[in-house]
Asker: 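Okay, here's the structure, questions in a sec.
Computed from a prediction, not measured in an experiment: that's the story for all the values here. In what follows, every heavy atom counts, from backbone to side chain, and hydrogens, waters and symmetry copies are set aside.
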Amino acid sequence: MIRQFAILTIIFLIAFDLFGQRADFVESDRITYRIYKSNVGKIGFTSLNFPIENLKQSDFLTSFELKDKTNLNINVFLGNSLTNYLHLLSPELTADQLTKNGNYQFSFYIDGKKIYSENLNVNAGSLDSKNQKKTLRVPMISSTNEDSWGRFLWDRFLANGGEEAFTNGEHLLKIEIRPYLKLKEVLTGKIIAEGQIKIIVPEIKIDEKLVKVQPVQPLEDWPISTEKINIAKIEDLNRKILTNKYKDITSVVVIKDGKLLIEEYFNKVARNTLHDTRSVGKSFASALLGIAVKDGYIKSETQTLKEFYNLKDFQNYTPLKDSITLESLLTMSSPFDGSDMNQDSPGNEEKMYSTNNWVDFTLNLPIDKTKIADKRWDYFTAGVVVLGDIIHKSVPEGLEKYAHKNLFYPLGITEYKWQFTPQKVANTAGSLQLRSLDYAKFGQLYKNYGTWNDKQILSKDWITKSLSHKMKISDDEYYGYLFWNKTYKVNDVGYEVYYSSGNGGNRIFIFKDKPIVIVITSTAYNSLYGEKQVDKIIENYLIPAIIK
């Protein structure tokens, strides 16, 4: 009898171990449907947006063709919930501590080579899912833009090597999932699910005539350069854009020695198209403030908000608000409790857009006392809206007319389009639309230390301040007056650039030590590849093509 009981116990433990249903640290789902039991520890790929329990084994794909307007989901079958796996990594922590410090690690392999690995942000996924769920349906590619952290994970994978590895033809994609826990060091568990699928990358047929470097057509605004370039590099770049290896690029313009060297357009865009470059417009706010200072309508960027507003009329007043300078808004270093990098921040720009007065929204924000104690850079769009309001109230006839008279007209810019705030003030937060060649004029204005056609539009002092290392963002990135700064390395040579930056990979690059301005426009809004591919275009193609 004892022997029979022992045998039954062993069978029971084996069965529970096989299906991951040991005694849980936290209670997880008890799953009985057949598709789960047949696939524990596996990842199944589907194009169907069905709940996992409704899937049949025949629904799983063995191959998938990468093309537009398709769906690719991963269906993950785990032996236990994430929290229970994390508990094995650090048994002394509570469930709350585990979920606040851990999540899934995803590793992507193409043809046996590890391309990308990521420890998923601890905020991805709900608490209930981490504690209970042993199955996950995660959209990676969605024809309907289904909301999912998986779509952004897939974008990051593509941006960090996946796009280059997926050359035309067939490839084997493998995904591995592990639990990870970030404490003093990162602890990583064993594989808890894995799966693979054949990916077919179709060859995109293009008109080879479009690959050729386009001759620059005559125009009044720019002299045309006759300098030699590496044509093969530019044609290789054009081919990658035309075949969607670099997605949603609409224009590339290069100015060298004040002359138009390269002008290429893509995706049904032409010379006279106006581009929505999103936050590139913030740099124009910086320029307009500099012009207003030069003209004496604003004394200095060291002026404080109390000189323009009665801050006691706004919510969350504290004397600390009185000392906030215009310069701190220009350098994204003000102490307002606002951050566009944190969606839960009270001052996140998405919360501002839903209000009927963006300036009131900003000035009503509380102060983040940690920013007072430790001055730091924190991207804050709402602060630039306040700068626009201050310019609007300080200059004759308001911001829009002042910009036309003192910036656009002197540069010969006649075609442009503003977005407006709810108070009908030209929006300095972004989405100022210009032609690519006119964005290039703006960049060249800074390269010329504020002059255009022998007229001093901006003071040299303002240019110097704007294009400087006012705030440190990271070890190799800085911020000036609504301008970014970084250094590209090509063949071990550093090329320092200041640049205007907008969502999706929109850029105006101003080279510090070379007579070069580059404009790249894109419609890859809210994608991660938009930012990554611009860096690759600059480093791998444009710098080698135009600098000997």
Asker: Decide yes or no for Asn267 and Thr523: does some side-chain heavy atom of the first lie under 4.5 Å from some side-chain heavy atom of the second?
Answerer: no

Asker: Any donor and acceptor pair, going by atom type alone, linking the side chain of Tyr525 with main-chain N or O of Gly530 inside 3.5 Å?
Answerer: no

Asker: Would you say the ring centers of Phe108 and Phe157 fall short of 6.0 Å from each other?
Answerer: yes

Asker: Check the angle between the aromatic planes of Trp484 and Tyr499 and answer parallel, tilted or perpendicular using the 30° and 60° thresholds.
Answerer: parallel

Asker: Are any of the side-chain heavy atoms of Lys133 and Asp29 separated by less than 4.5 Å?
Answerer: yes

Asker: Under a 3.5 Å threshold, yes or no: a donor from one side chain and an acceptor from the other, between Lys240 and Tyr541?
Answerer: yes

Asker: Take Arg507 and Glu531 through the salt bridge (charged side-chain N to carboxylate O under 4.0 Å, His left out) test and state the conclusion after the steps.
Answerer: CA-CA 10 Å; Arg507 299 285 189 273; Glu531 310 296 323; 2.5 Å; yes

Asker: Measure the CD1-CG distance between Ile372 and Leu320 for me, rounded to the nearest 0.5 Å.
Answerer: 4.5 Å

Asker: Check for a donor-acceptor pair, side chain of Asn103 on one end and backbone N or O of Asn121 on the other, with a separation under 3.5 Å.
Answerer: yes

Asker: With no hydrogens and no angle check, just 3.5 Å: does a side-chain donor-acceptor pair link Gln57 and Asn39?
Answerer: yes

Asker: With sequence neighbours left out, write down each residue that passes ring-ring contact (aromatic ring centres under 6.0 Å, His included) with Phe336, or none if nothing qualifies.
Answerer: Phe380

Asker: Examine distances only and state if a side-chain atom of Ser522 and a backbone atom of Gly504 form a donor-acceptor pair shorter than 3.5 Å.
Answerer: yes

Asker: State, without any angle test, whether Lys67 and Thr70 hold a side-chain donor-acceptor pair at a distance under 3.5 Å.
Answerer: no

Asker: Using 0.5 Å steps for rounding, measure from the CG atom of Leu136 to the NZ atom of Lys130.
Answerer: 11.5 Å

Asker: Is Asn316 reaching over with its side chain to a backbone N or O of Asn364, donor-acceptor style, under 3.5 angstrom?
Answerer: yes

Asker: Does one side chain, of Ser527 or Asp155, offer a donor that lies under 3.5 Å from an acceptor on the other?
Answerer: no

Asker: For the residue pair Glu146 and Asn49, establish whether any side-chain heavy-atom pair is separated by less than 4.5 Å.
Answerer: yes

Asker: How far apart are the C-alpha atoms of Trp149 and Tyr104, what are their side-chain angles, what is the distance that settles it, and do they pass the ring-ring contact (aromatic ring centres under 6.0 Å, His included) test?
Answerer: CA-CA 12 Å; Trp149 51 258; Tyr104 299 108; 7.0 Å; no

Asker: Rounded at 0.5 Å granularity, tell me how far CG in Leu363 sits from CZ in Phe361.
Answerer: 11.0 Å

Asker: Would you give the length of the straight line joining atom CE of Met471 to atom CG of Asn485, rounded to the nearest 0.5 angstrom?
Answerer: 13.5 Å

Asker: Is a donor on one side and an acceptor on the other found under 3.5 Å between the side chain of Gln132 and the backbone of Ser28?
Answerer: no

Asker: I'd like to know if the side chain of Ser286 and the backbone of Lys282 have a donor-acceptor N/O pair within less than 3.5 Å.
Answerer: no

Asker: Hey, are Ser90 and Glu92 close enough side-chain-wise for a donor-acceptor pair under 3.5 Å?
Answerer: yes

Asker: Find out whether the Lys NZ or Arg CZ of Lys536 is both under 6.0 angstrom from the six-membered ring centre of Tyr246 and within 45° of the ring's axis.
Answerer: no

Asker: Determine whether the side chains of Thr99 and Thr83 contain a donor N or O and an acceptor N or O closer than 3.5 Å.
Answerer: no

Asker: For Val384, does its backbone N or O pair with a side-chain atom of Thr428 as donor and acceptor, under 3.5 Å?
Answerer: yes

Asker: Assess the residue pair Lys470 and Glu327 against the criterion (salt bridge (charged side-chain N to carboxylate O under 4.0 Å, His left out)); give the C-alpha distance rounded to whole Å, side-chain angles, the decisive distance to 0.1 Å, and a yes or no.
Answerer: CA-CA 10 Å; Lys470 291 288 185 181; Glu327 184 175 30; 3.6 Å; yes

Asker: Would you check if the side chain of Asn80 reaches a backbone N or O of Tyr85 as a donor-acceptor pair within less than 3.5 Å?
Answerer: no

Asker: Among Ile110, Leu66, Ile200, whose side-chain contact (heavy atoms from CB on, under 4.5 Å) with His171 holds?
Answerer: Ile110

Asker: For a quick check under 3.5 Å, do Thr381 and Asp340 share a side-chain donor-acceptor pair by atom type?
Answerer: yes

Asker: When you compare the side chains of Ser431 and Asp276, does any donor N or O come within less than 3.5 Å of an acceptor on the partner?
Answerer: yes

